[in-house]
Structure formats: C-alpha cells, structure tokens
Visitor: 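The structure under discussion is supplied below as structure tokens; questions concerning it will follow.
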Amino acid sequence: MALKMRRHLMASVPQLRFEQLRQRVRVLLGDRTVCDTTNALLVWEPRRLVPVYAVPEDALRAQLLPSREPVTGPPDGLPSVMGPADFAMHTCPGLPLDVNVAGQLLADAAFRPDDADLAGYVLLDFLPFTWLEEDRPAVGHPRDPFKRIDTLRSSRHVAVSFEGAVLADTRRATALLETHLPTRWYIPRADVRMDLLEPSEHRTTCAYKGNASYYSVAGAGEPGRAIAWTYPDPLHDAEPVRGLVCFFNERTDISVDGEVMVRPVTPWSSPQEQQALLDQAGDLSTVELG
C-alpha cells in the first residue's frame, strides 16, 4: 500500500524528534556570545510542529539552574498540535532550567530532555536570544529543513466572505503553498474591501516569510480577533506576496472557482476544534492539517 507523505509526517508528531544541523549556529545575548557550535540540533517536542534549537551543554557559556520540578509528561488540556509559542510548556520528560548569563537570569529559558539520544544537549528558548546560522540571522523560530514555501500566481476566481459580507473578490491572487498548511490566497489590496477591515495590534514573525501585520473586521465577530494579515517587508522566499492581503482559511469562508473551501483545522484553529478533529480521527496518523 502506498504511503501518503502528509499522513506519514503527522504520524510522527506525538514523538520526540531531532535532526542534526550541519551549519554553524551562534547564540547571542546582547553583545555576549552564549554559544558558538557546529553541533547544534533541531528538536521537536511531542505535539510541536515547529522545532527549537538544542546546543551541547558543554558549549554553553552560561550557568544552568533547575527552575522547577522535573516534567514527567504533557500537562492536561493541551491541543493535539502546538505551534512555536510557550517554550516553557514542555511535552516530554525532562528538567526545566533557568539560564544565568553573566548575572542576567533568564527564567525557564532552557530544558534538558530526559532522552538518551539527546544526552549532553539542552533546548534553548528562541525569544531571549539572537540567533545566527552561519552569518544569516534566524527570525521567528528555527527553520525546519523538511518544510518549504512556494508562491504561484493564479487567475482562478477567489472570493472571501465573513458572516455574509464579501471581503475580497479577485482573479489576481497569489497562492502560497506551505508544508503542513492549507493553501493561503494572497490578494491585491485593490480587490479587498479594506474599508471593512481595521488594523489589529496582533503581530507575528515567520521564519520563512518575515514580520506580519494583521487586520480584524470592523464591528463584527470577536472584537480585535485577527482575520487577515499582510507582509509589508517580507523575507526573500515570500517576496511575491509583498503588501498583499491574506485571510485565515480557518476564520473566513473562501471559495475558489465557485467551490466553497471547507474550513481547515490547524494550529490557528481553536483548541476545541483541534481536539474534535483528533477525537474524530482517533490518532494523529490520519490527521491532515489543512
């Protein structure tokens, strides 16, 4: 029987996973070098779709201090899949650690997993540090070598609505294809009802696309809930979507050539929607996010 790759990849999500990096990785705190290594790993804790860096403990120029009791497993109430947020929420056995860099204490910024294959390594929270792979800064989170994005101009008819109101209608969309996720349709502003949107305070950083600004629907839905985003100054791989507007497939009704797309369940869906999908599927090997 043939193996469907997306199901194969999702079937590994409940496991602790790692991959050796070949590039030099440097960790900085201000102007101080905390680690400089060519033996870094990427580590995905169970349920995590996004990796974190792990570095050899003996290469770390910092003091590690136990911050709380050892973790024995995932806490109750977590969604079946998790994004890059909340580093301190660990889902495998191990010891949470504070990091002391020349007197500056970073609480819960490291984790020593209890796994023989990761012996001698500690996971580091991405956010407190500046990261360089060779001489290129890493932004948002570490890049996953098994993930990519692609952009395709499309003349298909794409329409977006929310609670019956049409927010966008175009035949000039750019489809952005990203591993694990549904097709995202980026639309020229001239084809978007920008008068129905208002800027949101929400901001995110993607390792592949850059810094995103968000919009919510004025006077509708949950006040301030982000419903669309744009990349005003994207990274190289996402240059074709510069300034275009993309709507959450999970939170709007999108039709392509007249066919209404089913709202997918992804890490940007509610925890209740994610759990309902998992309950229906029975196990993650049959779950396809997007």
Side-chain angles (χ1 to χ4, degrees), residues 49-50 81 83-85 139-141 143-144 147-270 273-274 288-290:
L49 289 180
V50 175
V81 291
V139 299
H141 57 77
R143 289 185 173 223
D144 184 335
K147 181 173 181 176
R148 69 184 300 270
I149 65 172
D150 196 9
T151 54
L152 301 169
R153 291 291 301 273
S154 177
S155 59
R156 298 169 74 183
H157 181 205
V158 178
V160 183
S161 62
F162 178 77
E163 295 185 351
V166 176
L167 301 180
D169 193 306
T170 189
R171 289 186 178 274
R172 303 184 297 158
T174 295
L176 189 145
L177 310 176
E178 185 169 352
T179 310
H180 291 310
L181 297 179
T183 301
R184 302 297 193 185
W185 296 97
Y186 284 77
I187 300 172
R189 288 171 180 263
D191 297 338
V192 175
R193 288 289 306 273
M194 297 301 297
D195 58 309
L196 299 180
L197 304 179
E198 59 186 15
S200 166
E201 295 181 358
H202 189 55
R203 299 288 186 274
T204 60
T205 300
C206 172
Y208 314 96
K209 300 186 289 292
N211 297 313
S213 301
Y214 286 76
Y215 299 98
S216 57
V217 177
E222 300 175 27
R225 189 188 192 208
I227 200 169
W229 67 89
T230 186
Y231 286 96
D233 188 21
L235 298 177
H236 173 76
D237 289 351
E239 183 60 36
V241 301
R242 176 184 291 269
L244 305 183
V245 177
C246 184
F247 292 86
F248 275 104
N249 307 53
E250 300 88 338
R251 303 174 188 176
T252 62
D253 296 310
I254 298 177
S255 67
V256 180
D257 285 341
E259 180 182 355
V260 178
M261 302 290 101
V262 175
R263 291 193 182 189
V265 178
T266 76
W268 292 271
S269 303
S270 69
E273 291 170 322
Q274 293 183 43
E288 297 186 17
L289 296 179

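Everything numeric here is computed off the predicted structure, so don't read it as measured data. Only heavy atoms go into these numbers, but all of them, side chains included; no hydrogens, no water, no symmetry mates.
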Visitor: Please tell me if the side chains of Arg184 and Pro182 come closer than 4.5 Å, counting only heavy atoms from C-beta onward.
Guide: yes

Visitor: Taking the side chain as every heavy atom from C-beta outward, state whether Val217 and Leu197 have any atom pair closer than 4.5 Å.
Guide: yes

Visitor: Test your reading of the model: is there a side-chain donor-acceptor pair from Arg148 to the backbone of Thr179, 3.5 Å cut-off?
Guide: no

Visitor: With rounding to the nearest 0.5 Å, note down the distance linking OH in Tyr208 to NE2 in His141.
Guide: 5.5 Å

Visitor: Indicate yes or no: at least one non-hydrogen side-chain atom of Leu176 is less than 4.5 angstrom from one of Lys209.
Guide: yes

Visitor: For side-chain contact (heavy atoms from CB on, under 4.5 Å), just list the numbers for Leu167 and Val245, CA-CA rounded to whole Å, side-chain angles, deciding distance to a tenth of an Å, and then say yes or no.
Guide: CA-CA 11 Å; Leu167 301 180; Val245 177; over 6 Å; no

Visitor: Distance check, rounded to the nearest 0.5 Å: Leu152 atom CG versus Thr183 atom OG1?
Guide: 9.0 Å

Visitor: Applying side chain to side chain donor-acceptor pair (under 3.5 Å), can you list everything that pairs with Thr205, at least two apart in sequence or on another chain?
Guide: Asn211

Visitor: Side-chain contact, heavy-atom cut-off 4.5 Å: Phe248 with Tyr214?
Guide: yes

Visitor: List in chain and number order the residues that pass side chain to side chain donor-acceptor pair (under 3.5 Å) with Arg172, two or more places apart in sequence or in another chain; answer none if no residue qualifies.
Guide: Asp191

Visitor: Do Ile254 and Val158 make a side-chain contact, defined as non-hydrogen atoms from C-beta onward lying under 4.5 Å apart?
Guide: yes

Visitor: Hey, what do you get for OG1 (Thr230) to CD1 (Ile187), rounding to the nearest 0.5 Å?
Guide: 11.5 Å

Visitor: Tell me if a side-chain donor or acceptor on Arg193 pairs with a main-chain N or O of Val166 at a distance below 3.5 Å.
Guide: no

Visitor: List the steps, then state whether side-chain contact (heavy atoms from CB on, under 4.5 Å) holds for Tyr186 with Tyr231.
Guide: CA-CA 10 Å; Tyr186 284 77; Tyr231 286 96; 3.5 Å; yes

Visitor: Tell me, please, which residues at least two apart from Arg189 pass side chain to side chain donor-acceptor pair (under 3.5 Å).
Guide: Tyr215

Visitor: Once you round to the nearest 0.5 Å, how far does OG1 of Thr151 lie from CG of Asp237?
Guide: 8.5 Å

Visitor: Enter the distance from Ser213:OG to Glu201:CD here, rounded to the nearest 0.5 Å.
Guide: 12.0 Å

Visitor: Mark yes or no for whether Arg242, through its side chain, and Pro232, through its backbone, hold a donor-acceptor pair below 3.5 Å.
Guide: yes

Visitor: Can you measure from CZ (Arg263) to CG (Asp253) and round to the nearest 0.5 angstrom?
Guide: 4.5 Å

Visitor: Name all residues meeting the salt bridge (Lys or Arg N to Asp or Glu O under 4.0 Å) criterion together with Arg156; count only those two or more places apart in sequence or in a different chain, and write none if there are none.
Guide: Asp257

Visitor: For Asp169, enumerate each residue passing the side chain to side chain donor-acceptor pair (under 3.5 Å) test, keeping only those at least two apart in sequence or located in another chain.
Guide: His157

Visitor: Tell me, do Trp185 and Val256 make a side-chain contact under 4.5 Å, heavy atoms counted?
Guide: yes

Visitor: Locate the shortest heavy-atom distance separating Thr174 from Pro240; write the atom from each residue and the value.
Guide: OG1-O, 4.3 Å

Visitor: With sequence neighbours excluded, tell me which residues meet side chain to side chain contact (heavy atoms under 4.5 Å, CB included) with Ser255.
Guide: Ala159, Val260

